[in-house]
Amino acid sequence: MAWYFMVDTYIDEERGRGEYDSYIRQVKPIVEAYGGKYLVRTEHVSHLSGKRTPQRVIVVRFDTREQLDGCFSSPEYRDIMSKRAESVDSRAIIAEGLD
């Protein structure tokens with residue numbers, strides 16, 4: 001059963017992107033090393049609700065929950081996660097797929 005990691009990101013115009021661009025470059029090879037496949041990775045987002053207006057959306061598919069958990073608990077990921085956490089407001093969810 002596939003698992004999906006989905007995140008929307010909010011960039012504070014006053015604070016800027018900080019080290020977020022560095023995080024984006026560094027996270028992709030980590031995700032792919034754990035079997036993650038990017039399905040969506042974009043800043044071209046249309047908003048259907050005024051209450052939720054992310055500037056960036058990411059959807060990653062993993063074949064197993066173990067791959068997903070291994071990726072985001074890996075030493076490689078832990079080394080860079082502060083670049084995201086200290087730069088932008090991001091909200092992630094994990095969902096089991098239907099396939």
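In this chain, numbering begins with 1 at the start of the sequence shown.
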Will you find, in the side chains of S90 and R84, an N or O donor that is under 3.5 Å from an N or O acceptor?
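On atom types as modelled, these side chains qualify, holding a pair under 3.5 Å.
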
Indicate whether the side chain of R61 and that of Y38 have a donor and an acceptor atom separated by less than 3.5 Å.
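R61 vs Y38: no donor-acceptor pair found between side chains.
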
Would you mind checking if D69 and R65 are paired as a salt bridge, meaning a charged N to carboxylate O distance below 4.0 Å?
yes

Test: D8 and R52 ion pair at under 4.0 Å
yes

Taking every heavy atom of R17 against every heavy atom of I24, the minimum-distance pair comes out as NH2-CD1, 3.8 Å

Of the non-hydrogen atoms in K83 and S22, which two are nearest, and what is the gap between them?
NZ-OG, 2.9 Å

May I ask you to check whether over 12 heavy atoms, not counting those of I93, lie within 6.0 Å of atom CD1?
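Atom CD1 in I93 is packed in, count exceeds 12.
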
If you count the non-hydrogen atoms of other residues, nucleotides and ligands that lie under 6.0 Å from NE2 in H44, is the total more than 12?
no

Residues which pass side chain to side chain contact (heavy atoms under 4.5 Å, CB included) with A33, listed by chain and number, not counting sequence neighbours
none

Derivation and outcome, side chain to side chain contact (heavy atoms under 4.5 Å, CB included), residues I80 and V27:
CA-CA 8 Å; I80 67 165; V27 74; 3.8 Å; yes

Would you say [X] and [Y] are hydrophobically clustered, going by side-chain heavy atoms of ILVMFWY under 4.5 Å?
| X | Y | value |
| --- | --- | --- |
| V57 | W3 | no |
| M6 | I11 | no |
| Y23 | I30 | yes |

Counterpart residues, salt bridge (charged side-chain N to carboxylate O under 4.0 Å, His left out), relative to R41 (two or more places apart):
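For R41 there are no salt bridge (charged side-chain N to carboxylate O under 4.0 Å, His left out) partners, ignoring immediate neighbours.
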
Between F62 and Y34, is the ring centre distance below 6.0 Å?
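Centroid distance F62-Y34: not below 6.0 Å, so no.
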
Step by step, work out the side-chain hydrogen bond (donor to acceptor under 3.5 Å, both in side chains) result for R56 and Y10.
CA-CA 7 Å; R56 184 171 175 81; Y10 302 80; over 6 Å; no

Intermediate values then yes/no, side chain to side chain contact (heavy atoms under 4.5 Å, CB included), L68 and I94:
CA-CA 9 Å; L68 187 154; I94 296 169; 3.5 Å; yes

